[in-house]
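In this text the structure is predicted, and so the values were computed from the model without any measurement.
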Number of protein chains: 2
Amino acid sequence: MGATKSDQFTKGQNDLASLAKALGHPARIAIIEYLLKVDSCICGDIVGVLPLAQPTVSQHLKELKNAGLIKGNIEGTAICYCIDEEGFEKIKSFFDHITVSLSKKKFDCC
Amino acid sequence: MGATKSDQFTKGQNDLASLAKALGHPARIAIIEYLLKVDSCICGDIVGVLPLAQPTVSQHLKELKNAGLIKGNIEGTAICYCIDEEGFEKIKSFFDHITVSLSKKKFDCC
DNA sequence: TTATTTTATCGTAATATTGCAATATATAAA
DNA sequence: TTTATATATTGCAATATTACGATAAAATAA
């Protein structure tokens, strides 16, 4: 035991959980916030911004990329990372759906 | 090492990460979807809906509750769980902020 | 009172995540 | 070519998560 029973849930549930999981670490939230703050998506200085060692940052970037939340291109000796709007669209539509449901129903019995 | 360096990040970053992390499991996504689907927030049959054992479901419910995404009241021999709108508001405002940022800037260089 | 029912907690095994030193890879500059 | 610079990968230790059987707790029903 111990492994998530992914095959027992729908693809939609697993996809959403993967996106949320990728955002479930303060370092990765910080990376996204930094990408939103800087004007360009060239961010060769991302390692210097975070309180973590270079391999650790590289790993977090990889996870965000795998989840479809950021995109990266080789740019000479540096890597150009930027927001992947597609991934964020998926999460946003989930929360928009929740907002609509909440406005229709009354969940104030608790 | 292996423990998350939470103290190196801001409270806002940690709070957001905690909320996202709580949604980072398909079973917890399934629980939220179920709560949105049923008309009432009385959900004594939540264990029967999920492909997991009762203690595991109880644990997932506890995590959602700790994260502030659901609320629970003792209701006789059953527990009444329902959506906690406050938690979802926090996440939604984060994604709304991202959407605004994305519409202002061009992240299409990658 | 003694069942019965429902949810929570404990204990533990299996697996996953986090973090970093060491090292590899790749491009640019000298 | 050699050197410098930047990012990726490997390997491993520390910690966290996931899942469930066993058991406890709490309220209702008989």
Mind calculating the distance between [atom1] ([X]) and [atom2] ([N]) to the nearest angstrom?
{"X": "B:E63", "N": "C:dT9", "atom1": "CD", "atom2": "P", "value": "13 Å"}
{"X": "A:D45", "N": "D:dT7", "atom1": "CG", "atom2": "C1'", "value": "14 Å"}
{"X": "A:L50", "N": "C:dT18", "atom1": "CG", "atom2": "C1'", "value": "14 Å"}
{"X": "B:K65", "N": "C:dT9", "atom1": "NZ", "atom2": "P", "value": "9 Å"}
{"X": "B:L23", "N": "D:dT17", "atom1": "CG", "atom2": "C1'", "value": "16 Å"}
{"X": "B:H25", "N": "D:dT18", "atom1": "NE2", "atom2": "C1'", "value": "6 Å"}
{"X": "B:Q59", "N": "C:dT15", "atom1": "CD", "atom2": "C1'", "value": "14 Å"}
{"X": "B:I31", "N": "D:dA19", "atom1": "CD1", "atom2": "C1'", "value": "14 Å"}

**Residue whose nearest DNA chain C nucleotide is more 5′ - A:A3 or A:G24** =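 On the 5' side of the pair lies A:A3.
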**Request:** Report the residue (A:T4 or A:A53) whose heavy-atom-nearest nucleotide on DNA chain C is the more 5′ of the two.
**Result:**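 First, find each residue's nearest nucleotide; the 5'-ward one identifies A:T4.
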**Message:** Is there a side-chain contact between A:H60 and A:H25 in this structure, where contact means two heavy atoms from C-beta onward sitting under 4.5 Å apart?
**Reply:**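 Touching, per the 4.5 Å side-chain cut-off.
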**Asked** Taking side chain as C-beta onward, heavy atoms only, is B:I32 less than 4.5 Å from B:F88?
**Response**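 The answer is yes; the side chains approach within 4.5 Å.
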Does OP1 or OP2 of [N] have a side-chain N or O of [X] closer than 4.0 Å?
{"X": "B:Y81", "N": "C:dT6", "result": "no"}
{"X": "A:H60", "N": "C:dT17", "result": "no"}
{"X": "A:K21", "N": "C:dA16", "result": "no"}
{"X": "B:T56", "N": "D:dC20", "result": "yes"}

**Message:** With nearest nucleotide decided by heavy atoms, which residue, B:P55 or A:K62, maps closer to the 5′ end of DNA chain D?
**Reply:**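 Its nucleotide being nearer the 5' end, the pick is A:K62.
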**Prompt:** Looking only at side chains, do B:T10 and B:Q13 share a donor and an acceptor under 3.5 Å apart?
**Reply:**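 On atom types as modelled, these side chains qualify, holding a pair under 3.5 Å.
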**Item:** Qualifying residue for side chain to side chain contact (heavy atoms under 4.5 Å, CB included) with A:L64, from A:D84, A:I83, A:I70
**Value:**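 Result for side chain to side chain contact (heavy atoms under 4.5 Å, CB included) with A:L64: A:I70.
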**Main-chain N/O of B:Q54 paired to B:S58 side chain as donor or acceptor, under 3.5 Å** =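 Looks like no, no N/O pair under 3.5 Å.
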**Message:** What I want to check is whether an N or O donor and acceptor connect the side chain of A:Q54 with the base of D:dA6 at under 3.5 Å.
**Reply:**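 Such a pair does not exist between side chain and base.
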**Asked** A:S58 near the nucleic acid: base, sugar-phosphate alone, or nothing, with a heavy-atom cut-off under 4.0 Å?
**Response**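 Base: the residue A:S58, judged by heavy atoms under 4.0 Å, touches a nucleobase.
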